[in-house]
Amino acid sequence: KHVTRPSQVHRIHESDVPQLKQLPLFLKEELAYEVYKPVICCHPFMRNVLSIDKTFISSICQTAMSPKSVMPMLDVFALGDECKTMYFVVAGQAAYFRGLSSRPRDPGKGTKGETGR
């Protein structure tokens with residue numbers, strides 16, 4: 001019986017597969033759409049946009065999304081940081097702390113995921 005522990009899981013990113021750079025542009029665009037659409041369409045606003053304009057969502061997937069892995073206990077952003085990015089958690093958990101509080105804003109509502117932005 002084989003058991004995988006979370007610390008043993010390694011996500012593969014585009015940069016880990018050099019052959020992906022050799023794909024024709026239309027395949028790269030379709031791959032980005034297939035990888036990132038399920039992530040961003042978990043958000044109700046993006047899901048509604050998809051029902052109206054698939055091309056716009058495809059454009060976001062191709063130009064605005066990228067993976068970012070974060071080690072446990074490291075901050076993604078801090079109080080006072082200018083907001084320049086929207087994060088989608090796709091593996092693991094994230095906790096949001098409001099202000100200088102040491103307690104999560106919504107206790108127990110960590111969302112699953114590695115981030116895509």
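Quantities reported herein were computed from a predicted structural model and do not represent experimental measurements.
By the 30° and 60° cut-offs, the orientation of the rings of Phe88 relative to His43 is perpendicular.
Put simply, Phe45 and Ile60 are part of the same group of oily side chains (I, L, V, M, F, W, Y) that touch within less than 4.5 Å, one to the next. With hydrophobic clusters built from ILVMFWY side chains whose heavy atoms lie under 4.5 angstrom apart, Val76 shares a cluster with Leu74. In terms of hydrophobic clustering, with Ile, Leu, Val, Met, Phe, Trp and Tyr side chains grouped at heavy-atom distances under 4.5 Å, Tyr36 and Phe26 are assigned to a common cluster. By the criterion of side-chain heavy atoms lying less than 4.5 angstrom apart, applied directly or through intervening Ile, Leu, Val, Met, Phe, Trp or Tyr residues, Phe77 is grouped together with Met71 in one hydrophobic cluster. The cluster map of Ile, Leu, Val, Met, Phe, Trp and Tyr, joined by side-chain heavy atoms under 4.5 Å apart, puts Val17 and Leu27 in the same cluster.
In this structure, Met65 CE and Lys37 NZ are separated by 13.0 Å, a value rounded to the nearest 0.5 Å. Note that CD1 of Ile57 is 5.5 Å distant from CE of Met46, once rounded to the nearest 0.5 Å. How far CD of Glu29 is from OG1 of Thr63: 10.0 Å, rounded to the nearest 0.5 Å.
Panel note: side chain Asp53, backbone Phe56; a donor-acceptor pair is recorded below 3.5 Å.
When all heavy atoms of Lys28 and Lys21 are compared, the closest pair comes out as NZ-O, 3.0 Å. Annotation for Cys42 and Arg47: closest pair O-NH1, 3.3 Å, computed over non-hydrogen atoms. Of all heavy-atom pairs between Tyr33 and Ser58, the closest is CD1-CA, 3.6 Å.
Between Val35 and Cys61 the shortest side-chain heavy-atom distance does not fall below 4.5 Å. Residues Leu31 and Leu20 meet the side-chain proximity criterion, which asks for heavy atoms closer than 4.5 Å. Residues Ser59 and Thr55 have side chains not in contact (no heavy-atom distance under 4.5 Å, counting atoms from C-beta outward).
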